[in-house]
Structures are given as structure tokens and as C-alpha cells.
There are 2 protein chains.
Amino acid sequence: MKNNITIKDVARELGIHHVTVSRALRDTGSVKKETRELIKEKANELGYKPNRLAQDFRNKRSNVLAVVVPDIRPYFFAKFVSDFMETAQEAGYTVMIFQSSEKPGVEKEIIDSLIGYRVSGVVASVTKDTIHEGHFDALKDENIPYVFFDRAPEESRASQVVVNNYQGAYDAVTAMVESGKSRIAYISTHYQHQIFAERLAGYKQALKDHGLPDNPNLVAEGGFFMKDGFNLAKQLMASKEKPNGILAVRDEIGIGVIKYLKNAGMRVPEDVAVIGFDNDPMGIACEPELTTVQQCIPSMVSSSFDLLLGHMDNKVMGFEKKIIEPKIIFRGSA
Amino acid sequence: MKNNITIKDVARELGIHHVTVSRALRDTGSVKKETRELIKEKANELGYKPNRLAQDFRNKRSNVLAVVVPDIRPYFFAKFVSDFMETAQEAGYTVMIFQSSEKPGVEKEIIDSLIGYRVSGVVASVTKDTIHEGHFDALKDENIPYVFFDRAPEESRASQVVVNNYQGAYDAVTAMVESGKSRIAYISTHYQHQIFAERLAGYKQALKDHGLPDNPNLVAEGGFFMKDGFNLAKQLMASKEKPNGILAVRDEIGIGVIKYLKNAGMRVPEDVAVIGFDNDPMGIACEPELTTVQQCIPSMVSSSFDLLLGHMDNKVMGFEKKIIEPKIIFRGSA
């Protein structure tokens with residue numbers, strides 16, 4: 001196989017100056033149409049491949065976008081990344097994906113490396129412990145636009161696409177109240193990020209608006225997975241105020257809750273209703289199927305992509321915050 | 001904020017020649033220790049950031065690895081990619097992730113672009129329709145090593161880390177036979193890739209070895225998701241030879257099978273045992289919990305990474321095939 005064919009090889013074969021070949025292949029400068037076609041044909045025949053790294057370096061702007069997520073495994077992020085990649089690929093972009101593993105230090109390293117790689121734009125969801133966005137300033141300094149999705153740093157003034165987490169929790173509590181539940185518990189993760197604080201605020205406001213007491217014994221925190229939901233449900237059901245409705249901030253936690261309730265001989269939703277967050281297909285595997293607050297991922301993807309491109313093309317100036325309204329998917333558990 | 005500080009800016013500030021500054025910052029050439037420290041301090045103070053793209057271009061070899069998967073959403077790939085990233089990040093590599101969306105054309109484009117980006121190594125799992133590995137030759141021509149994992153092109157002579165799919169299916173059938181099942185069905189996807197052909201071969205050989213007839217009516221194909229498992233189970237149970245054991249090539253399909261069986265009033269595993277493939281946590285959400293053939297992802301990640309590094313460091317020459325033995329995780333469904 002031919003290997004490492006350069007512009008000079010093409011030039012030599014044709015007896016044309018290499019500057020002309022370079023111009024023709026990059027469609028810049030004035031090269032006669034016939035010459036340009038001849039050059040392109042020969043380059044193709046010889047198997048010439050442009051060195052993109054060198055090209056990008058010269059042109060400064062690449063066709064590479066980066067997506068940074070805290071963890072690629074949860075359904076929400078895997079689905080967002082996959083859909084974003086397809087959307088970007090169709091528009092001619094290459095997408096580099098990075099995972100910060102929920103570590104602000106790794107996140108900072110990633111952002112620094114992105115500058116080195118001269119990506120054209122960044123879409124990021126920050127770690128649970130990222131409060132400030134100082135490390136993103138480095139992108140600003142290099143004129144690399146970025147858009148946060150789902151999780152933005154608190155008080156960020158960068159463009160972002162976020163879910164109305166407050167409303168999602170509010171609506172879930174309201175749905176349970178309307179089906180006759182009066183002691184509604186809330187199970188969160190141990191994560192401090194504001195998306196969880198917003199859900200808690202929505203839960204509390206809904207209780208207040210429906211004239212229900214805000215009982216701290218009905219709020220449990222900690223964990224991320226099914227087994228955590230199982231254990232926290234056990235803890236809540238052992239308290240004096242046995243809840244008859246439970247809102248979990250993740251579907252996996254909600255499924256663990258259902259597993260515990262069934263295990264303890266309780267009926268879902270008759271004795272205790274359960275609602276999760278995420279619309280993870282896992283919720284369809286359990287019985288009864290889990291009612292969930294859906295964060296519409298296709299809308300988040302298209303909004304993030306459009307907003308990022310708007311910044312890249314200087315069509316969107318300044319800060320823009322797009323809020324995606326959640327929707328409850330009613331299945332069997334509430 | 002300071003912006004675009006170059007080596008020349010650092011040199012000017014210190015009154016030292018820029019070549020010396022460059023050498024000191026890259027730790028190459030002979031620069032006195034004190035001078036080097038002075039230069040690094042000043043560079044730091046001014047906020048100098050190396051241009052990695054330019055550096056990589058100069059050094060030819062980058063610290064970037066690429067992972068190419070057909071789809072990032074299924075648990076198996078999301079978990080592999082996430083774990084591989086963590087392993088590589090700890091070793092100082094940046095990882096670019098790409099998704100071919102199960103399209104050989106997109107896969108080819110990705111491989112071509114990797115050459116342009118001068119990645120140092122590639123780990124790939126091919127699309128369901130990738131038969132030949134011709135498009136990977138381009139990497140070979142550029143001396144970029146690559147290792148296939150899970151799905152390699154048929155008859156590939158490139159290094160690979162694969163699961164013993166034959167054995168996984170064989171063991172699953174054997175387990176069901178040993179628990180008294182005699183009419184064992186097999187549900188596959190519509191994918192033609194050899195990993196599924198190997199599972200089918202293991203299923204057939206196990207039937208033969210246990211003296212059970214190989215009945216084509218007990219083999220169903222098509223689909224990928226829970227609803228497909230539901231529909232295919234319905235179809236199998238409507239046939240004359242009602243199976244009393246079902247092996248599904250994906251956990252999601254297996255969960256759909258369990259949902260149908262329970263819906264139709266059958267007990268799992270008493271009336272029909274069910275075993276899936278993947279050890280997807282989703283299998284714990286269903287009831288009974290799904291027994292599954294586990295493909296040990298941590299072993300696959302460490303083997304793939306070690307093998308790739310072996311090639312990059314020229315410690316592994318030629319072809320190496322690492323086979324990961326699967327293990328059945330017994331839960332409630334078989």
C-alpha cells in the first residue's frame with residue numbers, strides 16, 4: 001500500500017509546483033479549474049491523505065467538538081452522548097467524548113487539554129462537586145464557545161440547556177397527592193449539585209401548596225443505585241411516619257424502592273406509590289413498571305447543539321439559558 | 001485574563017533566547033537547572049499553555065487513544081468505554097470516543113479521520129455488518145496499532161480481546177438441562193455478526209451433547225430490545241413445542257421474555273427458565289432477577305489496554321488473541 005503520500009509527491013508526479021498543488025487541494029488561491037481537477041485526480045490516484053492535525057493547526061479552527069460528561073454509564077448521559085454524536089456527525093463534525101469521572105480535578109485537566117487540541121466547541125455537564133466555573137474561563141480566553149447541559153456550575157453565566165428540575169419534582173408530588181397520597185417521602189443521592197437542590201425545593205413547595213407538612217423524617221439521602229433505594233426505603237418505612245408515596249431522584253433508586261416494598265409485602269402503588277426521574281428503560285423491567293419524570297433528551301441534544309453552533313458562528317452573543325420542561329410518564333407505580 | 005501567551009513572550013520577559021525557553025519547557029537539550037526553573041516559573045506566572053496540537057504534530061506521536069464502538073448506549077459498551085477511559089486516563093492518556101452507529105460507512109470515516117488526528121492507538125468493536133477489515137489497513141499503513149474487542153471482523157488477523165461466546169451459550173444450555181429442562185429455545189438478534197453465530201453454535205452443540213434434538217422451531221431471531229423479547233417469547237410459546245427453557249443473547253431480550261411469560265400466567269423458572277447475556281444491571285430490576293452470562297468487562301478492559309500498549313511499545317509483535325471466559329451469574333430466573 002502507498003504510504004505517507006505528501007503534497008510534494010503529487011507535485012513531483014505532475015511536474016507542478018507544490019504550492020499550486022496545496023492551493024488546489026485546499027481550494028484556496030487562484031488555480032485554473034482544469035489544473036485543480038488534474039491535481040485532485042492525481043492526489044486521489046496516489047492515495048494522498050491530508051494531515052488533518054497539521055491542517056487544523058494551520059486553520060486554527062477544527063471540525064472537532066468535545067462533549068464532557070461526569071460518567072458515561074448512566075442512561076441519561078449515555079443516551080445524550082450517543083444522540084449528540086449522531087446529530088454532530090450528520091452535520092460533519094467529529095465528536096470527542098471525555099469522562100471526568102465526577103472528579104473536578106480530572107474535569108480541569110480535560111478542559112485544559114481541549115484548549116491544546118483546538119476544539120471548536122464544547123458541550124459539558126459538570127461533576128457533582130463543580131461549584132465554580134473558573135476552569136472554563138480558559139476556553140473563553142481562547143474563544144472556544146461552550147454550552148452546559150443538565151448540570152451547569154452554580155451561578156454560571158455561560159449558555160446552558162437545563163431541565164426544569166423544580167417543576168419535575170413539583171409535578172410528581174402533585175400527581176401522588178391527587179391520587180390520594182398524603183405522606184410523601186423524598187429520596188435523593190448524596191450529591192450536592194444544584195439539580196438535586198432544585199428537585200428538593202420543588203418537592204417542598206408542592207407539599208406546602210397542597211397543605212401537607214414538610215417533615216424532615218421523610219427526606220432520605222445517600223447512594224445512587226438500586227441497593228441504595230432498597231436500603232433507604234427500608235429506613236423510611238421503619239420510621240413512625242410511614243410514607244404512602246415516595247419520589248426518588250433517579251429511576252435506579254426508585255426501582256430499589258419498589259423492590260424493598262414488594263419484599264416487605266406492600267403493594268405498589270396501592271400502599272405506597274413510587275415515582276423516579278430519568279425515563280431509564282430499566283424502569284420498564286421492574287414490576288409494576290416505574291412511573292418517571294422524563295427529561296426529554298432529544299430536545300436537550302438539539303438545543304445544546306443549536307446553541308453551541310450559534311455561538312461558534314457568532315449568531316448567538318452573550319448568555320442564553322434554555323429550560324427544558326419535564327414530563328411525567330405514567331406507568332404502573334403511581 | 002492573559003491570552004495566547006507564547007514561548008516568545010516568555011523569552012522576551014526574561015531576556016532569554018526563545019529556543020532556550022522552548023528547550024527548557026520541553027525538557028530537551030541542555031539548559032542549566034537554574035535557568036530551566038526560572039523559565040518554568042515565569043511561563044507559569046504568565047499563564048503560558050503549550051499548544052498540544054502543534055506539539056503532537058511535531059512529535060508525531062500523541063498521547064491520544066481512540067475507542068470506536070458501534071453504539072454507546074447498551075450497558076456493555078457504556079461500561080467498557082467508561083472503564084477503559086479511567087484506565088487510560090490514569091496512565092496519562094487522553095481518550096477520544098467514537099460511535100459508528102452500527103454503520104460500516106461511518107466506521108470507515110472514523111478510521112480515516114483517526115489517521116488525520118495521529119492517534120497513537122485504537123481499540124475498536126466493529127459494527128454488526130463489518131465483515132472485512134480493509135478499512136483498518138489504513139491504520140496499519142500509518143503504524144497506528146489497533147486492537148479489536150468483543151466484536152472483531154471475521155477472520156481478522158489483528159490482535160483482539162474476545163469473549164468465548166460459544167462457551168457462554170454452551171454453559172447456559174447445560175445449566176438449564178441440569179435443572180431438568182428439555183425443550184430449550186434460543187432467541188437471537190437480527191444481527192449477523194459472528195459473536196451471535198458463535199453463541200448459536202454453542203447452543204446447538206450443547207443440545208447435541210445432552211442428547212436433545214436440535215429443533216429449528218425453537219430458534220427465534222429478530223430485535224434487540226425488551227419488546228422484541230416479549231414478542232418472540234409469545235411466538236415461541238404459541239408453537240407446538242412449547243419450550244421450558246429460553247436462552248436470550250441479550251439481557252434486555254431476556255427481560256422481555258420474562259415479562260411475557262409472567263403476563264401469560266407462567267412461572268419463571270418453574271415453568272420456563274430464562275438466561276440472558278451481558279450482566280446488565282437491568283436484569284436485577286426484573287422479577288425474578290435474571291440469570292445471565294457475564295462477559296467480564298474489567299478483564300476485557302485491562303487486556304485490551306495492555307495489548308494495545310504492548311503494540312505501541314513494540315513489545316507485542318504480530319497477532320495476539322486473548323479469549324475471556326464467560327461466567328454464569330445465577331439469580332432467580334434459572
Side-chain angles (χ1 to χ4, degrees), chain A residues 1-4 47 49-57 62 64 67 71-75 77-79 81-82 85-86 89 94-99 101 106 109-110 112-113 115-118 137-138 140-143 225-227 252 255-256 258-259 262 280-287 290, chain B residues 1-4 47 49-57 62 64 66-67 71-75 77-79 81-82 85-86 89 94-99 101 106 109-110 112-113 115-118 137-138 140-142 225-227 252 255-256 258-259 262 280-287 290:
Chain A
M1 291 268 323
K2 279 144 199 158
N3 200 349
N4 285 329
K49 287 197 194 71
N51 181 333
R52 286 210 199 173
L53 206 58
Q55 264 189 346
D56 294 343
F57 178 50
S62 67
V64 184
V67 179
D71 188 345
I72 210 159
R73 288 165 298 185
Y75 172 75
F77 289 120
K79 169 89 174 140
V81 163
S82 179
M85 248 178 189
E86 285 195 0
Q89 270 167 4
T94 296
V95 180
M96 297 171 80
I97 307 291
F98 296 88
Q99 172 179 285
S101 305
V106 174
E109 277 172 29
I110 291 169
D112 286 346
S113 79
I115 294 162
Y117 288 117
R118 297 268 186 273
D137 281 348
K140 235 180 260 172
D141 295 342
E142 305 284 334
N143 281 319
F225 300 107
M226 252 184 256
K227 66 172 185 343
E252 279 199 63
I255 292 166
I258 291 179
K259 283 175 85 80
K262 285 166 64 184
D280 186 324
M282 202 183 266
I284 303 172
C286 78
E287 190 191 322
L290 184 65
Chain B
M1 293 265 327
K2 279 143 197 156
N3 198 348
N4 285 327
K49 285 196 197 73
N51 181 332
R52 286 210 198 173
L53 205 61
Q55 265 188 345
D56 294 343
F57 178 53
S62 68
V64 184
V67 180
D71 188 345
I72 210 159
R73 287 163 299 183
Y75 171 76
F77 289 120
K79 169 90 174 138
V81 163
S82 179
M85 249 179 189
E86 284 196 359
Q89 270 168 2
T94 296
V95 180
M96 296 171 81
I97 306 290
F98 296 89
Q99 172 180 281
S101 306
V106 173
E109 276 171 30
I110 290 169
D112 287 345
S113 78
I115 295 162
Y117 289 116
R118 296 269 186 270
D137 281 347
K140 233 180 262 171
D141 295 341
E142 305 283 335
F225 300 107
M226 251 183 257
K227 67 173 183 347
E252 279 200 62
I255 292 166
I258 291 179
K259 283 176 84 80
K262 284 166 65 185
D280 186 323
M282 202 183 265
I284 303 172
C286 77
E287 190 190 323
L290 183 66

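All values below were derived from every heavy atom in this structure, side-chain atoms included, with hydrogens, water molecules and symmetry-related copies excluded. The sequence lines fix the lettering, A, B, ..., with proteins before strands; numbering per chain opens at 1.
Both the backbone and the side chain of Lys79(B) come within contact range of chain A, judged by heavy atoms closer than 4.5 Å. Only the side chain of Ile255(B) comes within contact range of chain A, with at least one heavy atom under 4.5 Å from a heavy atom of that chain. Neither the backbone nor the side chain of Val67(B) comes within less than 4.5 Å of any heavy atom of chain A.
Take Pro281(B) and apply the side chain to side chain contact (heavy atoms under 4.5 Å, CB included) test, not counting sequence neighbours, and it matches Met282(A), Tyr75(B).
Per-residue heavy-atom pair counts under 4.5 Å with chain A were compared for Ile258(B), Ile284(B), Val106(B), and the maximum is reached by Ile284(B). Note on Gly256(B), Gly283(B), Ala285(B), Ala66(B): by heavy-atom pairs under 4.5 Å with chain A, the leading option is Ala285(B).
Nearest approach of Lys259(A) to Cys286(B), heavy atoms of both residues: NZ-O, 4.2 Å. Pairing each heavy atom of Ala78(A) with each of Arg73(B), the nearest pair is O-CG, 3.8 Å.
Atom CD1 of Ile97(A) sits about 8.5 Å away from atom CD of Gln99(B), to the nearest 0.5 Å.
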